[in-house]
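In listed order, ligands and their atoms are each counted from 1. Counting from 1, the numbers follow the sequence of the chain as shown. Here the structure is a predicted model, which means the values were calculated and not measured.
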Amino acid sequence: MRKFTEGLVDPQLIVSSLNIKQGQTIIDAGCGTGYMAKIFSQAVSASGKVYAVDRDSYFIGKLADEIKGTNIEVIRGDITKLDQLPDHSADHLYVSTVIHSLPRNTLADFIQEAKRLLKFDAQLTIVEIEKKETPFGPAMENRYSPEDLIQRVSMVPMKTVKVGEYFYMQVFQNTSES
Ligand SMILES: C[S@@+](CC[C@H](N)C(=O)[O-])C[C@H]1O[C@@H](n2cnc3c(N)ncnc32)[C@H](O)[C@@H]1O
(Lines give C-alpha, C1' and ligand atoms only; values in the text may rest on other atoms or scores of the structure.)
Protein backbone atom coordinates (compact mmCIF):
# COMPACT_ATOMS: atom_id res chain seq x y z
CA MET A 1 0.00 0.00 0.00
CA ARG A 2 1.18 3.56 -0.60
CA LYS A 3 2.36 4.49 2.82
CA PHE A 4 0.52 7.75 3.52
CA THR A 5 -2.90 9.16 2.74
CA GLU A 6 -1.81 12.72 1.96
CA GLY A 7 -3.30 13.63 -1.42
CA LEU A 8 -5.66 10.64 -1.30
CA VAL A 9 -8.17 11.93 1.26
CA ASP A 10 -9.86 15.32 1.68
CA PRO A 11 -8.52 16.85 4.91
CA GLN A 12 -11.03 19.71 4.94
CA LEU A 13 -13.93 17.26 4.62
CA ILE A 14 -12.44 15.25 7.48
CA VAL A 15 -12.07 18.29 9.74
CA SER A 16 -15.54 19.66 8.99
CA SER A 17 -17.18 16.23 9.42
CA LEU A 18 -15.59 15.84 12.86
CA ASN A 19 -16.92 19.13 14.20
CA ILE A 20 -13.54 19.96 15.73
CA LYS A 21 -13.60 22.93 18.09
CA GLN A 22 -10.96 25.39 19.29
CA GLY A 23 -9.34 24.30 22.53
CA GLN A 24 -9.87 20.60 21.96
CA THR A 25 -7.29 17.83 22.34
CA ILE A 26 -6.71 15.46 19.41
CA ILE A 27 -4.51 12.37 19.20
CA ASP A 28 -3.33 11.44 15.69
CA ALA A 29 -2.48 7.78 16.31
CA GLY A 30 -0.06 6.33 13.76
CA CYS A 31 0.49 9.83 12.33
CA GLY A 32 3.17 8.92 9.75
CA THR A 33 4.41 12.22 8.29
CA GLY A 34 1.99 14.09 10.59
CA TYR A 35 0.28 16.01 7.80
CA MET A 36 -3.12 15.59 9.49
CA ALA A 37 -1.69 16.53 12.90
CA LYS A 38 -0.68 19.88 11.36
CA ILE A 39 -4.19 20.42 9.99
CA PHE A 40 -5.74 19.45 13.35
CA SER A 41 -3.33 21.87 15.02
CA GLN A 42 -4.88 24.77 13.08
CA ALA A 43 -8.41 23.52 13.75
CA VAL A 44 -8.01 23.41 17.54
CA SER A 45 -6.06 26.74 17.53
CA ALA A 46 -3.37 27.73 20.02
CA SER A 47 -5.65 26.92 22.96
CA GLY A 48 -5.88 23.28 21.85
CA LYS A 49 -3.38 20.44 21.74
CA VAL A 50 -2.46 17.73 19.25
CA TYR A 51 -0.48 14.60 20.10
CA ALA A 52 1.12 13.00 17.05
CA VAL A 53 2.04 9.40 17.82
CA ASP A 54 3.96 6.90 15.74
CA ARG A 55 6.33 4.03 16.44
CA ASP A 56 8.57 4.99 13.53
CA SER A 57 11.48 6.99 14.91
CA TYR A 58 12.40 8.45 11.50
CA PHE A 59 9.02 10.13 10.95
CA ILE A 60 8.66 11.15 14.58
CA GLY A 61 12.13 12.75 14.54
CA LYS A 62 11.42 14.61 11.30
CA LEU A 63 8.04 15.81 12.55
CA ALA A 64 9.56 16.95 15.86
CA ASP A 65 11.83 19.32 13.91
CA GLU A 66 8.94 20.64 11.83
CA ILE A 67 6.49 21.42 14.64
CA LYS A 68 8.71 23.30 17.08
CA GLY A 69 6.80 26.16 18.72
CA THR A 70 3.37 24.80 17.79
CA ASN A 71 0.67 23.11 19.87
CA ILE A 72 1.71 19.68 18.51
CA GLU A 73 3.61 17.26 20.73
CA VAL A 74 5.19 14.23 19.13
CA ILE A 75 5.34 10.88 20.90
CA ARG A 76 7.26 7.85 19.70
CA GLY A 77 5.21 4.96 20.96
CA ASP A 78 2.75 2.15 20.42
CA ILE A 79 -0.84 3.26 19.89
CA THR A 80 -2.11 0.18 21.73
CA LYS A 81 -0.34 1.28 24.96
CA LEU A 82 0.01 5.03 25.32
CA ASP A 83 1.00 5.25 28.98
CA GLN A 84 2.40 8.74 28.33
CA LEU A 85 -1.13 10.14 28.02
CA PRO A 86 -3.63 10.48 30.88
CA ASP A 87 -7.06 8.87 31.18
CA HIS A 88 -10.03 10.60 29.52
CA SER A 89 -7.98 13.50 28.21
CA ALA A 90 -8.78 13.54 24.47
CA ASP A 91 -11.75 14.90 22.51
CA HIS A 92 -10.79 13.05 19.33
CA LEU A 93 -8.68 10.00 18.62
CA TYR A 94 -7.91 9.84 14.90
CA VAL A 95 -6.37 6.73 13.37
CA SER A 96 -5.87 6.74 9.63
CA THR A 97 -4.92 3.60 7.70
CA VAL A 98 -3.30 1.92 10.68
CA ILE A 99 -6.00 -0.45 11.95
CA HIS A 100 -5.66 -2.86 9.00
CA SER A 101 -1.97 -3.36 9.84
CA LEU A 102 -2.51 -4.20 13.51
CA PRO A 103 -2.36 -7.92 14.28
CA ARG A 104 -5.97 -9.06 14.65
CA ASN A 105 -5.47 -9.86 18.36
CA THR A 106 -4.24 -6.33 19.13
CA LEU A 107 -7.20 -4.43 17.66
CA ALA A 108 -9.07 -5.09 20.92
CA ASP A 109 -6.11 -3.67 22.87
CA PHE A 110 -6.27 -0.50 20.80
CA ILE A 111 -10.01 -0.12 21.37
CA GLN A 112 -9.49 -0.60 25.11
CA GLU A 113 -6.77 2.06 25.06
CA ALA A 114 -9.03 4.37 23.03
CA LYS A 115 -11.72 4.10 25.72
CA ARG A 116 -9.17 4.97 28.38
CA LEU A 117 -7.84 8.01 26.47
CA LEU A 118 -11.12 9.48 25.27
CA LYS A 119 -13.36 11.70 27.34
CA PHE A 120 -16.94 10.58 27.81
CA ASP A 121 -18.88 11.30 24.57
CA ALA A 122 -15.61 11.96 22.68
CA GLN A 123 -14.92 10.49 19.24
CA LEU A 124 -12.83 7.70 17.80
CA THR A 125 -12.37 8.20 14.06
CA ILE A 126 -11.03 5.44 11.86
CA VAL A 127 -10.01 6.09 8.25
CA GLU A 128 -9.50 2.98 6.15
CA ILE A 129 -9.17 1.91 2.54
CA GLU A 130 -12.37 0.40 1.12
CA LYS A 131 -12.75 -3.35 1.16
CA LYS A 132 -12.95 -3.77 -2.61
CA GLU A 133 -10.57 -3.87 -5.56
CA THR A 134 -8.40 -0.75 -5.61
CA PRO A 135 -5.26 0.05 -7.65
CA PHE A 136 -3.14 -0.21 -4.50
CA GLY A 137 -3.58 -1.25 -0.91
CA PRO A 138 -3.20 -4.09 1.54
CA ALA A 139 -4.37 -7.67 0.97
CA MET A 140 -8.15 -7.94 0.94
CA GLU A 141 -8.17 -10.23 4.00
CA ASN A 142 -6.51 -7.48 6.06
CA ARG A 143 -9.07 -4.80 5.16
CA TYR A 144 -12.08 -3.75 7.18
CA SER A 145 -15.38 -2.51 5.78
CA PRO A 146 -17.36 0.01 7.88
CA GLU A 147 -19.64 -2.91 8.86
CA ASP A 148 -16.63 -4.98 10.02
CA LEU A 149 -15.50 -2.07 12.21
CA ILE A 150 -18.97 -1.54 13.65
CA GLN A 151 -18.97 -5.23 14.67
CA ARG A 152 -15.55 -5.05 16.31
CA VAL A 153 -15.46 -1.60 17.90
CA SER A 154 -17.52 -1.55 21.07
CA MET A 155 -18.50 2.12 20.80
CA VAL A 156 -21.54 3.82 19.34
CA PRO A 157 -21.28 4.16 15.52
CA MET A 158 -22.10 7.75 14.53
CA LYS A 159 -21.46 8.10 10.82
CA THR A 160 -19.59 6.83 7.77
CA VAL A 161 -18.17 9.44 5.39
CA LYS A 162 -16.45 8.84 2.04
CA VAL A 163 -13.28 10.92 2.35
CA GLY A 164 -11.42 9.92 -0.82
CA GLU A 165 -11.83 7.88 -3.99
CA TYR A 166 -10.81 4.73 -2.12
CA PHE A 167 -11.14 5.76 1.52
CA TYR A 168 -13.90 6.03 4.10
CA MET A 169 -14.03 7.41 7.61
CA GLN A 170 -16.00 5.69 10.36
CA VAL A 171 -16.78 7.80 13.43
CA PHE A 172 -17.62 6.27 16.82
CA GLN A 173 -18.67 7.88 20.09
CA ASN A 174 -17.15 6.72 23.35
CA THR A 175 -19.79 6.17 26.00
CA SER A 176 -17.48 4.42 28.44
CA GLU A 177 -16.31 6.19 31.59
CA SER A 178 -14.08 3.36 32.81
C1 LIG B 1 -0.08 3.62 6.32
S2 LIG B 1 0.74 4.68 7.48
C3 LIG B 1 -0.51 5.95 7.70
C4 LIG B 1 0.04 7.23 8.24
C5 LIG B 1 -0.97 8.38 8.40
N6 LIG B 1 -1.92 8.08 9.46
C7 LIG B 1 -1.68 8.67 7.10
O8 LIG B 1 -2.92 8.57 7.05
O9 LIG B 1 -0.99 9.04 6.15
C10 LIG B 1 0.63 3.76 9.03
C11 LIG B 1 1.46 4.39 10.13
O12 LIG B 1 1.10 3.77 11.36
C13 LIG B 1 2.28 3.51 12.13
N14 LIG B 1 1.96 2.40 13.04
C15 LIG B 1 1.56 1.14 12.73
N16 LIG B 1 1.32 0.42 13.84
C17 LIG B 1 1.59 1.23 14.90
C18 LIG B 1 1.54 1.06 16.31
N19 LIG B 1 1.16 -0.10 16.85
N20 LIG B 1 1.88 2.10 17.10
C21 LIG B 1 2.29 3.29 16.54
N22 LIG B 1 2.34 3.52 15.21
C23 LIG B 1 2.00 2.49 14.39
C24 LIG B 1 3.35 3.23 11.08
O25 LIG B 1 4.65 3.46 11.60
C26 LIG B 1 2.96 4.21 9.97
O27 LIG B 1 3.62 5.46 10.11
Under 4.0 Å, counting heavy atoms only: does [X] come that close to any atom of ligand 1?
X    : value
V53  : no
T80  : no
L102 : yes

Cut-off 3.5 Å, side chains only: do R55 and T80 have a donor facing an acceptor?
no
Any luck finding a side-chain donor-acceptor pair between D148 and S145 under 3.5 Å?
yes
Just jot down the ligand 1 atoms closer than 4.0 angstrom to any heavy atom of D78, in number order.
18 (C), 19 (N), 20 (N)
Ligand 1 atoms in contact with D56 (distance to a heavy atom under 4.0 Å)
25 (O)
Does atom [atom1] ([X]) have a neighbourhood of more than 12 heavy atoms from anything else shown, all under 6.0 Å?
X    : atom1 : result
E133 : CD    : no
E66  : CD    : yes
K62  : NZ    : no

Sub-3.5 Å N/O-N/O distance, T5 and ligand 1
yes
Would you say K3 and ligand 1 have an N/O pair spaced under 3.5 Å apart?
no
Restricting to heavy atoms, the pick from A29, G34, G77, P103 nearest atom 21 (C) of ligand 1 would be G77
Between G32, S57, P138, G30, which one has a non-hydrogen atom sitting closest to atom 6 (N) of ligand 1?
G30
Under a 4.0 Å heavy-atom limit, does V98 contact ligand 1 with its side chain, its backbone, both, or neither?
side chain
May I ask you to identify, for Y35, whether its side chain, its backbone, both or neither come under 4.0 Å of ligand 1 on a heavy-atom basis?
side chain
All heavy atoms of I79 vs all of A29, minimum pair found to be CG2-CB, 3.6 Å
Does a side-chain heavy-atom distance below 4.5 Å link T125 with L93?
no
List the steps and the verdict of side-chain contact (heavy atoms from CB on, under 4.5 Å) for M36 and I14.
CA-CA 10 Å; M36 276 308 295; I14 292 172; 3.9 Å; yes
